Number of protein chains: 2
Amino acid sequence: MSMMNYAAGVSLKHATLGLLTYGPASGYDLLQKFRESLANVWPATQSQLYGELGKLAAAGLVTVAAEGPRGRKEYAITPEGSAELRHWLGEVPPAPNRRSEMLLRVFFLGMLTPEQAREYLDDRATVAAELQAELRELATTVDPDSGPLAVYGRLALEWALRFSVMQEEWATWAADEVRRAQEGVE
Amino acid sequence: MSMMNYAAGVSLKHATLGLLTYGPASGYDLLQKFRESLANVWPATQSQLYGELGKLAAAGLVTVAAEGPRGRKEYAITPEGSAELRHWLGEVPPAPNRRSEMLLRVFFLGMLTPEQAREYLDDRATVAAELQAELRELATTVDPDSGPLAVYGRLALEWALRFSVMQEEWATWAADEVRRAQEGVE
DNA sequence: CTGTGCATGTAATCCGTTACATGATTTA
DNA sequence: TAAATCATGTAACGGATTACATGCACAG
């Protein structure tokens, strides 16, 4: 039955619909867009994407608008798909990120020597600093008006930049805290 | 075979081992510790945890140290488990978070009206501000020397605080950017 | 005519969630 | 003795990753 909705919080669905609002595309095309623009916010594998397109088509949220050489199927978003995307964007509250491997490790840093714990935190600071450098580079190479994705993409880039700054500062602070605690004990 | 390792990046395993370093505990006990202290960094369901304990026991990383009433099984970490935890903490680089539903939405904010887009960003700022308030509250109620988990737990709390500050500032800035872009077009 | 890229699909496996299912022990 | 809590497990399902498998089309 086409009335069957699949679960609410599933974002690959919306990522796919979102990319299709920029024009019809094949699974192959979309896969590249996922790699180019969404790699850092919502990665998708080939396997997953082809499956998803099948489900979206069955649900009437996309259609096969054209077929090309090599079995190419060009998908286009339908009005229903568009409505679903806007509904998700405007009315469904985003689920906060619940898991952080980085922080999980922090909880158990007491199992290591203070030196090793500091090393861990210093590494976090270094990695964050490196990421910052990359992002600043990226910011200069992004064409300010290369399509609508870039407009809001800039906001996402700024988020990542601010995040990595925060992470670096925190890790530096935390390493220092560990150092202070160590001295306090001696 | 006890030589069989399961996959490398699986953190429920390490979260469980980590909690067991604070002393033997049953699945039931651990579940509460997951809810009390790890809810915001690595949540686990009952179903998952009992399964995991079985696998850890089969792999020799934990053992059933004692059995109590109501079929209670008290698990204890083994030297092998301890070694595995330390190896993970010290030598395996943490996997960065790849997915952010919040940012995914930002990429498609162009599908909404600028007013709706700003509303989304303003909501992010509000939610972040509320989280901050909760965290500051929490910070005052946490006993400074209530066990070793609290020591490094403080670092995690500080991370969350800085994160929510960053998020609020970013969202406010981004909403303003949208406003400016809108005015620029008019 | 050969390699590179375009193009789609399936299978196996694992992690995570929700729901179902059961029962023993303590406390009021 | 009834309710709350302790305590463990299984089943079903969906999402994500990796690997496998196939084949057409075009450029050099």
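Nothing here was measured: the structure is a model prediction, and the numbers come from that model. Residue numbers start from 1 in every chain, and the chains themselves are labelled A, B, ... in the order their sequence lines are given, proteins ahead of strands.
When the nucleotides dA7(D), dG5(C), dC15(C) are ranked by their closest atom to the side chain of Val10(B), dC15(C) comes out on top. When the nucleotides dA7(C), dG9(D), dA16(D) are ranked by their closest atom to the side chain of Leu12(A), dA16(D) comes out on top.
Contact annotation: Tyr50(B) side-chain N/O to dG9(D) OP1/OP2 distance is not under 4.0 Å. Here Lys55(B) does not reach the OP1 or OP2 of dC14(C): none of its side-chain N or O atoms lies under 4.0 Å away.
The cationic group of Arg124(A) does not satisfy the cation-pi geometry with Trp159(B), failing either the under 6.0 Å distance to the six-membered ring centre or the 45° limit from the ring axis.
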For residues 128-136 of chain A, tabulate all N or O donor-acceptor pairs below 3.5 Å that involve a side-chain atom, not counting sequence neighbours.
{"from": "Gln132(A)", "atom 1": "OE1", "to": "Arg136(A)", "atom 2": "NH2", "distance (Å)": "3.0"}
{"from": "Gln132(A)", "atom 1": "NE2", "to": "Ser164(A)", "atom 2": "O", "distance (Å)": "3.4"}
{"from": "Gln132(A)", "atom 1": "NE2", "to": "Glu168(A)", "atom 2": "OE1", "distance (Å)": "2.8"}

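Checking Gly51(A) against Pro69(A), the closest nucleotide of DNA chain C that is more toward the 5' end is the one next to Pro69(A). Each of Arg99(B) and Gly27(B) lies near DNA chain D, and the nucleotide nearest Gly27(B) is the one positioned closer to the 5' end.
Ring pair His14(B)/Trp88(B) is parallel by interplanar angle, where below 30° counts as parallel and above 60° as perpendicular.
Leu30(A) is linked by a side chain to side chain contact (heavy atoms under 4.5 Å, CB included) to Thr16(A), Leu19(A), Leu20(A), Ala25(A), Leu49(A), Leu53(A), counting only residues two or more places apart in sequence or in another chain. Every residue was checked against the side chain to side chain contact (heavy atoms under 4.5 Å, CB included) condition with Pro96(B), not counting sequence neighbours, and none meets it.
Once rounded to the nearest 0.5 Å, the distance linking CG of Asp176(A) with CG of Asp122(A) reads 9.0 Å. Taking CE of Met166(B) as the start and CG of Leu161(B) as the end, the distance is 13.5 Å to the nearest 0.5 Å.
Enclosure of atom CD in Glu137(B) is not indicated, since only 12 or fewer non-hydrogen atoms of other residues, nucleotides or ligands lie within 6.0 angstrom.
Atom-to-atom, OH of Tyr28(B) to C1' of dA24(C) comes out at 13 Å; the value is rounded to the nearest Å. We find that CG of Leu30(A) is positioned 13 Å from P of dG9(C), with the value rounded to whole Å. Taking atom CG of Asp29(B) as the reference point, atom C1' of dT8(D) lies 13 Å away to the nearest angstrom. Rounding to whole angstrom units, CG of residue Leu104(A) and P of dC15(C) are separated by 15 Å. One interatomic measurement links the two molecules: CG of Asn97(B) to P of dA16(D), which rounds to 14 Å at whole-angstrom precision. When rounded to the nearest whole Å, the span between CG of Leu38(B) and P of dG16(C) equals 13 Å. Counting to the nearest Å, the C1' atom of dA16(D) and the CD atom of Glu101(B) are 16 Å from each other. The distance between atom CD of Glu52(A) and atom P of dG15(D), rounded to the nearest whole Å, is 7 Å.
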Just the atom pairs and distances: protein N or O near nucleotides 18-20 of chain C's N or O, under 3.5 Å.
{"from": "dT18(C)", "atom 1": "O4", "to": "Ser47(B)", "atom 2": "OG", "distance (Å)": "3.1"}

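Legend: salt bridge (charged side-chain N to carboxylate O under 4.0 Å, His left out) pairs involving residues 57-77 of chain A, not counting sequence neighbours, sorted by first then second residue: Asp29(A)-Arg72(A), Arg72(A)-Glu74(A).
Of the residues in residues 70-77 of chain B, those with a non-hydrogen atom less than 4.0 angstrom from any atom of DNA chain D are Arg70(B), Gly71(B), Arg72(B), Lys73(B).
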